Q: 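Here it is, the structure, as structure tokens.
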Amino acid sequence: MAEASEIAKDYPVECKEREGEIATEISLAENVMREEMHPVDQYEAFDALAKQEKEIADIAARFGTTDTIVRKRLALARVSPILLQQFRDEDMSFAQLSAFTVSDDHERQVTVWNSLPSWNRDPHSIRRALTEEMIPATDKRVQFIGGLEAYEEAGGQVQRELFDERNAGYAMDVALVEKLVAEKLETAAGTVRAEGWKWVECSATAPAGYHAMKRHYPEDLPLSEEDQAALDAAQTEYDELAELIESGMADDEAEAKLSDLEKRIDTLNARSEAYSAEALEQAGTFVFLDYYGRLAIERGFVKPGEAEAVGDEHEDGEGLPSASGAAKPKAPSISHSAALIEDLTAHNTAALRIELANNPDVALVAVVHAMLLSVAYPYNSEQSALQLSLTHERLEPSMKNAESCRGLSAFNDLAENYGHHLPGSPADLFDWLLEQPQDMVLSLLAFGAAHSVNAWRRSSQTGRRASSRRTSLAERSR
């Protein structure tokens with residue numbers, strides 16, 4: 001500056017002597033005041049201070065930032081130096097770099113980065129590739145056992161990502177999670193076994209094809225006068241308390257009271273039905289986790305081949321040889337005229353319409369059934385009596401990078417999850433829907449309706465429509 005004549009050669013310059021151990025702090029503070037530092041430079045500087053056993057809060061306070069920023073920068077210690085350099089060279093975004101903090105296996109991080117194609121290197125895909133052998137806190141198995149807290153109490157290790165705002169984390173020990181799930185299912189199964197069933201089976205998912213098995217249902221039993229009075233009183237109290245909660249006039253203990261009343265009502269209702277001795281002898285029970293991670297107990301199922309055939313088409317002996325060796329004659333078939341069939345089916349349709357109009361629960365199932373036939377069972381819409389149709393446009397051809405679209409990926413994952421639960425045969429779908437809780441049916445309604453959402457606009461949509469109309473008119477003129 002003196003050479004440039006900006007200051008005099010004898011201008012007094014103030015010099016301050018500082019201890020060497022705070023040199024990093026001084027350098028960092030100087031850089032922060034001048035301009036925003038590169039995130040990796042911040043990480044290295046914060047890491048140097050942390051190694052001097054400086055508290056997170058002290059580091060944040062000294063450099064005018066937040067504890068969260070300091071923690072997020074220090075989390076980059078989990079990332080491979082190779083990837084840090086990739087970020088310095090601007091070969092990846094900070095969001096991509098942050099995704100690698102979910103793991104501290106540097107070799108695997110580099111492998112994942114190199115294995116993913118350039119169009120599929122979004123943070124979600126990186127995290128998914130790194131956590132294939134982990135179980136997220138949102139997994140229904142983790143929720144079923146009581147969350148990550150219960151898993152940690154059992155000695156499980158948790159991996160948490162500081163860049164995840166929810167800080168939910170992952171269970172690292174898959175075997176332990178499965179063990180805890182199995183123990184909780186077995187506890188529930190022990191109570192069910194005491195009921196006297198032929199067999200009781202546990203699984204973490206709904207058994208494949210169980211909805212298509214022959215099933216025994218409980219028989220109705222009259223409640224005693226005492227139980228009926230108790231049920232009526234509990235139901236009245238439940239309704240009154242629910243109204244108070246709805247209106248916002250209930251106290252803080254109302255929710256707990258409502259839960260207790262629900263259990264009391266369920267217990268009393270359970271006394272109004274019972275399975276026969278024949279059902280207990282022939283059938284069994286499945287204990288499993290439903291789609292939402294709740295305990296499901298489905299009773300009365302008979303495994304194929306374990307019970308005598310019911311409703312055999314030869315039960316009455318028609319068409320089988322008699323003792324004399326001659327075949328018994330089959331019953332004659334009766335045919336009706338087309339006009340009579342048309343008249344009868346019209347009356348039948350009218351009766352079905354009024355019946356469905358007066359049964360909203362069945363109507364909901366019928367609508368969802370019709371929608372799912374179009375969505376999940378192509379070319380099977382004729383199996384519904386409802387004249388409903390659903391149009392679904394495929395979006396992938398109009399996307400430049402369909403694989404990186406989060407919405408499309410999430411919707412495909414949802415479709416895959418539902419696909420694991422829906423029956424394999426469309427002929428079983430209606431009966432299966434009738435057995436599901438209403439919240440599951442409503443979720444499927446939303447899933448089906450979502451297929452028909454269309455805010456998509458083609459670049460040449462108007463021209464194509466006009467061309468189609470011209471072609472149609474030309475064909476008619478011929």
Side-chain angles (χ1 to χ4, degrees), residues 136-154 164-169 180-181 183-185 187-192 195 206 218 220-274 287-299 357-365 367-368 414 417-418 421 433-450:
T138 53
D139 188 277
K140 66 180 184 180
R141 292 167 294 175
V142 176
Q143 295 296 313
F144 177 66
I145 63 177
L148 288 179
E149 294 78 9
Y151 163 78
E152 287 183 286
E153 288 178 5
D164 178 6
E165 297 300 331
R166 296 173 301 173
N167 201 25
L180 295 174
V181 169
E183 288 175 352
K184 193 166 183 178
L185 287 173
T187 299
T191 303
V192 177
E195 298 173 8
D220 292 334
L221 296 175
L223 286 175
S224 66
E225 292 184 4
E226 181 180 354
D227 285 344
Q228 186 62 56
L231 178 59
D232 293 341
Q235 188 63 59
T236 300
E237 186 178 354
Y238 179 92
D239 293 340
E240 293 174 351
L241 190 56
E243 288 183 8
L244 289 174
I245 294 175
E246 185 70 22
S247 63
M249 299 177 64
D251 57 29
D252 295 337
E253 299 178 358
E255 292 289 350
K257 291 178 182 177
L258 199 68
S259 178
D260 290 339
L261 284 169
E262 285 180 351
K263 294 177 182 178
R264 195 188 315 169
I265 291 171
D266 290 341
T267 300
L268 291 168
N269 278 327
R271 298 176 188 175
S272 66
E273 57 184 24
V287 179
F288 59 93
L289 298 187
D290 68 7
Y291 176 78
Y292 299 98
R294 299 171 303 197
L295 177 67
I297 301 176
E298 298 290 343
R299 299 174 172 83
N358 291 323
N359 287 274
D361 291 339
V362 178
L364 173 63
V365 166
V367 171
V368 174
L414 185 63
N417 285 335
Y418 280 127
H421 297 276
L433 286 169
L434 285 174
E435 297 173 0
Q436 303 310 305
Q438 190 178 74
D439 56 356
M440 178 61 163
V441 179
L442 289 172
S443 294
L444 288 168
L445 173 66
F447 172 65

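These numbers come from a predicted model, not from an experiment.
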Q: So, do Glu255 and Ile245 sit near enough that their side-chain heavy atoms are less than 4.5 Å apart?
A: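 Yes. Closest side-chain heavy atoms under 4.5 Å.
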Q: Measure across Tyr151 and Ile145 and return the closest heavy-atom pair with its distance rounded to 0.1 Å.
A: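 That closest heavy-atom pairing would be CB-CD1, 4.1 Å.
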Q: Find the distance between CZ (Arg294) and CG (Asp439) and round it off to the nearest 0.5 Å.
A: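 Here the rounded value is 4.5 Å.
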Q: Considering all heavy atoms of both residues, which atom of Gln228 and which atom of Leu223 are nearest to each other, and what is their separation?
A: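 Minimum heavy-atom contact is OE1-CD1, 3.4 Å.
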Q: Are any of the side-chain heavy atoms of Phe447 and Leu414 separated by less than 4.5 Å?
A: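 Yes, side chains in contact.
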Q: Could you tell me the separation between the CD1 atom of Ile265 and the CD atom of Glu237, rounded to the nearest 0.5 Å?
A: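 Between Ile265 CD1 and Glu237 CD, I get 9.0 Å after rounding to 0.5 Å.
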Q: Could you give the distance from NZ (Lys257) to CG (Asp252), rounded to the nearest 0.5 Å?
A: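 These two atoms lie 10.5 Å from each other.
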Q: Please report the interatomic distance OG1(Thr138) to CG(Leu148), rounded to the nearest 0.5 Å.
A: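 Spacing of OG1 (Thr138) from CG (Leu148) equals 9.5 Å.
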Q: For the atom pair CZ (Arg141) and CG (Leu185), what is the distance rounded to the nearest 0.5 Å?
A: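 Nearest 0.5 Å value for the CZ-CG distance: 12.0 Å.
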Q: So do the side chains of Glu298 and Glu435 get within less than 4.5 Å of each other, counting heavy atoms only?
A: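 No, their side chains stay 4.5 Å or more apart.
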Q: In a check of side-chain contact (heavy atoms from CB on, under 4.5 Å) between Phe144 and each of Asp139, Leu180, Leu295, Asp290, which one passes?
A: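 Only one of Asp139, Leu180, Leu295, Asp290 forms a side-chain contact (heavy atoms from CB on, under 4.5 Å) with Phe144, namely Leu295.
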Q: Between the main-chain N or O of Glu183 and the side-chain N or O of Thr187, is there a donor-acceptor pair closer than 3.5 Å?
A: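 Answer holds: yes.
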Q: Taking the side chain as every heavy atom from C-beta outward, state whether Thr191 and Ile297 have any pair of such atoms under 4.5 Å apart.
A: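 Result no, sub-4.5 Å side-chain heavy-atom pair not found.
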Q: Go through it in stages, so that I can follow the logic: the residues are Arg299 and Val192, the test is side chain to side chain contact (heavy atoms under 4.5 Å, CB included), and I'd like the CA-CA distance, side-chain angles, deciding distance and then a yes or no.
A: CA-CA 9 Å; Arg299 299 174 172 83; Val192 177; 4.2 Å; yes
Q: Please round to the nearest 0.5 Å and tell me the distance separating atom CG of Leu244 and atom CG of Asp239.
A: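 With rounding to 0.5 Å, CG (Leu244) is 11.0 Å from CG (Asp239).
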Q: If every non-hydrogen atom of Ala274 is compared with every non-hydrogen atom of Leu221, which pair is closest and at what distance?
A: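 Heavy atoms only, the tightest pair is CB-CD1, 3.4 Å.
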Q: Considering only heavy atoms from C-beta outward, does the side chain of Leu433 approach that of Leu364 to under 4.5 Å?
A: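 Of all side-chain heavy-atom pairs linking Leu364 with Leu433, none is under 4.5 Å.
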Q: Look only at the side chain of Gln143 and the backbone of Ala137, and say whether a donor-acceptor pair between them is shorter than 3.5 Å.
A: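 Looks like yes, one N/O pair under 3.5 Å.
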Q: Checking side-chain contact (heavy atoms from CB on, under 4.5 Å) between Leu231 and each of Thr267, Thr236, Asn269, which is the one that passes?
A: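 Testing Leu231 for a side-chain contact (heavy atoms from CB on, under 4.5 Å) against Thr267, Thr236, Asn269 leaves exactly one candidate, Asn269.
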Q: Which heavy atom of Leu444 sits nearest a heavy atom of Val368, and at what distance?
A: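 Residues Leu444 and Val368, closest heavy atoms: CB-CG1, 3.9 Å.
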Q: Tell me the closest heavy-atom pair linking Ala254 and Ala250, and the distance in Å.
A: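 Smallest interatomic distance, heavy atoms only, reads CB-CB, 3.4 Å.
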